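Take a look at the structure set out below.
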Number of protein chains: 2
Amino acid sequence: MTTKESKLYSISELAHEFGISTRTIRYYEEVGLINSHREKETLPRTYTSRDRTRLKLALRGKRFGFSLAEIKEMLDLYDVDPTEKEQLRRTIELGDKRIAEIDEMIKELEETKQEMLEFRQKFMEMLKEKEGTS
Amino acid sequence: MTTKESKLYSISELAHEFGISTRTIRYYEEVGLINSHREKETLPRTYTSRDRTRLKLALRGKRFGFSLAEIKEMLDLYDVDPTEKEQLRRTIELGDKRIAEIDEMIKELEETKQEMLEFRQKFMEMLKEKEGTS
DNA sequence: AATTAAGTTTACGTTAACGTAAAGGTGATG
DNA sequence: CATCACCTTTACGTTAACGTAAACTTAATT
């Protein structure tokens with residue numbers, strides 16, 4: 001029985017998959033946002049699917065305008081030590097705050113969408129009024 | 001009958017209301033994101049409620065990680081000339097794209113929330129298992 | 001009349017998040 | 001064995017989005 005040997009990714013594979021540069025990936029490692037695993041200290045980085053997932057989540061955070069520091073804090077929530085009750089509690093608490101934030105964001109987005117749809121409606125009517133004018 | 005004379009805001013009023021600096025507001029004007037109205041070219045800026053709304057929308061865009069340039073482009077959609085059919089069409093088209101983007105964001109946020117709730121559940125169980133351990 | 005509060009412009013400083021270039025190591029391939 | 005292709009580190013450059021400071025004006029108070 002070999003020790004769980006799932007697929008490993010190279011840095012350029014991930015870069016290509018997510019449409020980012022290898023520099024970006026190295027930078028994320030530099031600031032502690034993600035990890036890499038290397039055989040011999042000196043040579044090529046390799047990434048597990050867990051690393052890949054973390055990167056994916058990080059990029060999601062970016063798309064929503066979070067700073068790398070904020071993202072790191074959020075991702076580190078998933079890596080809490082399950083034997084430490086106090087840590088667990090703090091994690092849950094912080095997580096709840098984030099969830100509330102997400103709810104707020106969803107609400108705001110839906111409002112925005114609604115407003116845009118109303119404008120769309122107005123513009124469509126304006127267009128109709130000018131029908132045939134070329 | 002006086003010409004529509006609704007409330008005017010000063011720069012520090014708006015800054016305070018939205019929790020930003022006056023510098024930020026001037027900067028937004030500098031890059032054409034918002035406008036101000038002044039009596040005599042030289043003296044204090046004053047803002048209509050329309051200006052205020054535009055600023056509010058801009059800040060909303062910021063919270064979602066859009067750049068000021070992107071925000072400007074989006075806000076300018078609202079200021080289209082209604083007599084220009086082609087412009088109207090382009091505006092509607094671009095607006096539709098933004099609406100689709102918003103839908104995508106909402107979807108992603110809901111996924112994220114779901115995942116976080118699942119983690120929360122797991123952590124709660126871990127906590128329960130350790131019940132009484134202090 | 002002098003101080004205070006709020007505004008102005010100009011201009012240089014700062015930070016996050018990378019881009020980019022230089023100089024070099026490895027392993028596969030024609 | 002030379003040339004890719006891909007990786008590495010180090011380090012300086014760049015841009016957006018303001019912060020901050022200086023020097024000044026104007027209106028209202030003391």
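What you are looking at is a predicted structure, and each value in this text was computed from that prediction instead of being measured. Lettering of chains follows the sequences in order, A, B, ..., and the numbering in each one begins at 1. The basis for the numbers below is simple: all heavy atoms, side chains too, and nothing from hydrogens, waters or symmetry mates.
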Under 4.0 Å: is that the gap between some side-chain N or O of Tyr27(A) and OP1 or OP2 of dG19(C)?
no
Starting at the 5' end of DNA chain C, which residue's closest nucleotide do you reach first, Leu43(B) or Arg23(B)?
Leu43(B)
Indicate, yes or no, whether a donor-acceptor pair under 3.5 Å links the base of dT8(C) to the side chain of Arg45(B).
no
Determine yes or no for a side-chain-to-main-chain donor-acceptor pair under 3.5 angstrom, with Asp76(A) supplying the side chain and Glu73(A) the backbone.
no
Rounded interatomic separation in angstrom, taking CG from Leu55(B) and C1' from dA17(D)
15 Å
Please report, rounded to the nearest Å, how far the P atom of dA5(D) is from the CD1 atom of Ile11(A).
19 Å
Measuring from the side chain of Arg38(A) (C-beta onward, heavy atoms only), which nucleotide among dA17(D), dA17(C), dT9(D) has the closest atom?
dT9(D)
Base, sugar-phosphate alone, or nothing: which one does Thr22(B) contact when heavy atoms must sit under 4.0 Å apart?
nothing
Quick check: does any side chain N or O of Gln87(B) sit under 3.5 Å from a backbone N or O of Val80(B), one acting as donor and the other as acceptor?
no
What integer distance in Å separates Phe66(B):CZ from dA17(D):P?
13 Å
Within less than 4.0 Å of OP1 or OP2 of dC6(D), is there a side-chain N or O belonging to Ser10(A)?
no
Could you walk me through whether Arg98(A) and Glu101(A) pass the salt bridge (charged side-chain N to carboxylate O under 4.0 Å, His left out) test, one step at a time?
CA-CA 5 Å; Arg98(A) 291 303 184 181; Glu101(A) 270 181 51; 3.2 Å; yes
Go through dC7(D), dG7(C), dG19(C) for me and flag the one nearest to the Pro44(B) side chain.
dG7(C)
Rounded to the nearest 0.5 Å, what's the gap from OG1 on Thr91(A) to CG on Asp96(A)? Could you check?
10.5 Å
So does Lys62(A) get a side-chain nitrogen or oxygen closer than 4.0 Å to the phosphate oxygens (OP1/OP2) of dA17(C)?
no
Any side-chain N or O of Ser21(A) below 4.0 angstrom from OP1/OP2 of dC18(C)?
no
Using the salt bridge (Lys or Arg N to Asp or Glu O under 4.0 Å) definition, which of the options Lys7(A), Arg52(A), Arg45(A) pairs with Glu13(A)?
Lys7(A)
Regarding Ser67(A), tell me which of base, sugar-phosphate or nothing describes its non-hydrogen contacts under 4.0 Å with the strands shown.
sugar-phosphate
Nearest-Å distance for atom pair CD/P, residues Glu29(A) and dC7(D)
14 Å
Taking donor-acceptor contacts at under 3.5 Å, does the side chain of Arg26(B) reach the base of dT9(C)?
no
Does Ser12(B) make a side-chain N or O approach to OP1 or OP2 of dG7(C) shorter than 4.0 Å?
yes
